[in-house]
Amino acid sequence: MGTALLRTEVVVVGAGPTGLMAGNWLEKLGIHAMVIDAKPGPTRESRALGVHSRTMEIYRQLGVVDEVLRRAVPASELRPGVGVRTLGALPLGRMGHGLTKYPGIHILEQSDNEEILSRRLAARGRAVWWNHAFVSLEQMHDDGRVAVEADGPEGRIRILARYVIGADGASSPVRRALGIGFQGATSEQVFYVVDANGVSGTGSGINLRVSEENFMLAFPMGPDGSGGERVRLLGIVRQEDDAAPIGQEAAAVDEGRARATLAGDFGIRYTGAGWFATYRVHHRVADAFRHGRVFLAGDAAHIHSPVGAQGMNTGLQDAHNLVCKLADVLCGRMPRDYLDRYGAERRPVALRLVSTTDRVFTAVTSTSRAARALRTVVLPRVWPVAIRLVPRSPAGGRMFGYVSQIRIHYWMTESERRAAEATRGLARWNRRGRLVGRRLPWVPDNHAPLQDACWQVHAYGPSAAALGGEVGRRHGFPLHGFAAAPGRHLPDGTVVVVRPDGFVAEAHRAAARIPSPEASRRGRAR
């Protein structure tokens, strides 16, 4: 049987959350694409499950947020503790109030995320090519295309595409085919993950507990169908010196050790396990996110510890960022070198995330004397104070912003980075973290136009109307007007250019409107 030849604009290799998000955004932005995967269908195991605020905003843009909310279990608080004791509750929902339409964390299993995304694709006539395993790729420089070969039920297919997205997991055959390094380290400890039924001892919200020798993370997953609670539990499997069992026997031994640790160190018990697995944690980032016309996203580009439930969210945002750039280039709005911005923006996010989670992970898993003292002596004294003070201070909003990924910052250009460093502390308006390079600050109604997924201009307050019209005409972008929001860095006279992914590309200020003496008198009279 010969090799079937197919053509498309973009091939997405891998139909996990990242690949499916890429496929859906390619469809939304009118780009013909094929998503291929060796699996027979969406993942059935729960696997990753935390969905953060920034991802919820992207789901809103895509039009599936109502389905996500219907299925998700909200988790609005983090409950730290030592041993069997909890030390209070950090109100994540309250800390995120006013910063996003979706404060808190939403617990939605990876399998549900994949089902929602794959169904949307199928409903629009772009069903995933399941049972098609990636074989090879070749960048054909003579005609500017990439040839991807895959084996399917009816034989080998050859796909000619303008671009390829490798979203094929941590072992990524696409990354290996490109020869891109994957630098980092692997933990020595063995970790367990169990989706447990009939759980007692965790209480409400997300639990993070430590002991002298161990740590435990618990994520609520809703009712288990038998009157009990279903909870994701993670921790360390302490290995013994006896001969290591293999196969199913090893799994049974590891689950027994996990059960014993949970009960003995943390007072947590469960009646049954829907899923149990062990693994080692990796912290790795690809040396490059782009090679010619091929891009890496999600676990193919970066992997890290489960602390903070950041992995799936980061991959989904990789896909969102990349596809918006591909659309701008394919329609001719941006030159091809604009695609270099993908790696320039997303790789630093991955590096910071790996560095941060690695430090936190080391602190909660180390068996050194200092680490034990930190966990069992210092934290019990610090956490209650932090829980009282942090939610009432600006630090609470910043902390929520980092966890929820709504505070991610991109330098729009290298010259902007150099200029900001040269004027640090002098130019308040352009200082990092205000507007440019940030996700558009949320105020009621101003994120609704982002569902159009196009470049647009926003004008805030009456003083911004004229300048907003001028900027809109100059760029040819639609203009939207809103009330000023000084508390969100959008005072009267602010005009911003917003990218399709919701990040601010430009910020301008109009002179504040000075009221006439008559208007001032009327205002004082009222």
Side-chain angles (χ1 to χ4, degrees), residues 50-62 65-66 68-69 72-80 89-108 205-206 308-310 312-314 316-317 320-321 345 349 352-353 356 386-410 428-429 431-451 456 458-461 480 482-492 494 496-505 507:
V51 180
H52 289 299
S53 302
R54 180 63 192 137
T55 302
M56 295 295 289
E57 293 173 352
I58 295 171
Y59 275 151
R60 185 192 186 195
Q61 273 191 289
L62 193 58
V65 74
D66 290 341
V68 172
L69 288 170
V73 176
S76 59
E77 61 183 21
L78 171 66
R79 301 179 68 84
L90 202 60
L92 298 174
R94 194 170 81 202
M95 290 160 58
H97 181 72
L99 300 177
T100 175
K101 186 178 176 68
Y102 308 101
I105 299 176
H106 293 79
I107 307 302
L108 186 70
I206 298 170
Q310 301 287 313
M312 179 172 67
N313 293 272
T314 306
L316 294 172
Q317 291 168 49
H320 182 233
N321 180 291
E345 291 176 3
V349 171
R352 286 195 299 271
L353 181 60
T356 301
I387 286 170
R388 286 197 305 272
L389 298 181
V390 168
R392 303 173 187 174
S393 70
R398 288 195 294 272
M399 176 182 171
F400 176 84
Y402 290 124
V403 172
S404 65
Q405 300 196 1
I406 62 174
R407 281 185 65 87
I408 287 173
H409 176 273
Y410 303 142
R428 180 179 178 84
W429 178 252
R431 192 171 64 191
R432 176 176 176 148
R434 287 296 179 183
L435 281 176
V436 175
R438 290 279 188 189
R439 154 262 196 197
L440 177 69
W442 177 80
V443 295
D445 300 330
N446 77 331
H447 275 208
L450 301 183
Q451 291 177 257
Q456 52 195 261
H458 287 199
Y460 291 85
H480 302 276
F482 303 94
R488 295 290 173 262
H489 311 304
L490 299 169
D492 184 30
T494 303
V496 294
V497 176
V498 187
R499 304 190 318 192
D501 65 354
F503 277 73
V504 177

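We count residues from 1, following the sequence as given.
Using a 4.5 Å heavy-atom cutoff, the side chains of Y410 and V349 are in contact. Side-chain contact between L450 and D501 is absent, with no heavy atoms from C-beta onward closer than 4.5 Å. Proximity of F400 to S53: side-chain heavy atoms (C-beta onward) are separated by under 4.5 Å at one or more points. Taking 4.5 Å as the limit, every side-chain heavy atom of Y102 sits out of range of all side-chain heavy atoms of P74. Between L78 and I105 there is no side-chain heavy-atom pair separated by less than 4.5 Å.
Shortest non-hydrogen contact noted between P391 and P91 is CG-CD, 3.6 Å. Taking all atoms of both residues into account, the shortest heavy-atom contact from A485 to V443 is CB-CG1, 3.5 Å. Shown here for A505 and V436, the closest heavy-atom pair between the two residues is O-CG1, 3.9 Å. Between T314 and Q405, the shortest heavy-atom contact is OG1-NE2, 3.1 Å. The nearest pair of heavy atoms linking M312 to G50 is CE-O, 3.9 Å. Smallest separation of non-hydrogen atoms from F503 and G437: CD2-O, 3.4 Å.
With hydrogens and angles disregarded, no donor-acceptor distance shorter than 3.5 Å links the side chain of Q310 to the backbone of H52.
The stretch residues 442-451 participates, sequence neighbours left out, in these side chain to side chain donor-acceptor pair (under 3.5 Å) pairs: N446-Y460.
Under the side chain to side chain donor-acceptor pair (under 3.5 Å) criterion, Q456 pairs with H458, sequence neighbours left out. T100 meets the side chain to side chain donor-acceptor pair (under 3.5 Å) test with E57; sequence neighbours excluded. Among residues two or more places apart in sequence or in another chain, the side-chain contact (heavy atoms from CB on, under 4.5 Å) test is passed with I387 by P80, L90, W383. Qualifying side-chain contact (heavy atoms from CB on, under 4.5 Å) partners for A395, counting only residues two or more places apart in sequence or in other chains: S393, R398. Taking T55 as the reference, V51, Y59, N313, L316, Q317 meet the side-chain contact (heavy atoms from CB on, under 4.5 Å) condition, with sequence neighbours excluded. With sequence neighbours excluded, no residue satisfies side chain to side chain donor-acceptor pair (under 3.5 Å) with R488. Residues passing the side-chain contact (heavy atoms from CB on, under 4.5 Å) test with V390 are M95, A386, M399, sequence neighbours excluded. A search for side chain to side chain donor-acceptor pair (under 3.5 Å) contacts involving E345 returns N321, K325, R499, not counting sequence neighbours.
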*Begin with the C-alpha distance, continue with both residues' side-chain angles, and end with the deciding distance and a verdict on side-chain contact (heavy atoms from CB on, under 4.5 Å) for R439 and I408.*
CA-CA 7 Å; R439 154 262 196 197; I408 287 173; over 6 Å; no

_Apply side-chain contact (heavy atoms from CB on, under 4.5 Å) to residues H320 and Q61 and explain how you reach the verdict._
CA-CA 10 Å; H320 182 233; Q61 273 191 289; 3.1 Å; yes

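Once rounded to the nearest 0.5 Å, the distance linking CG of L99 with OG of S404 reads 7.5 Å. The line from CG of L435 to CG of L440 is 8.0 Å long, rounded to the nearest 0.5 Å. Atoms CD1 and CE, from I406 and M56 in turn, are 13.0 Å apart once rounded to the nearest 0.5 Å.
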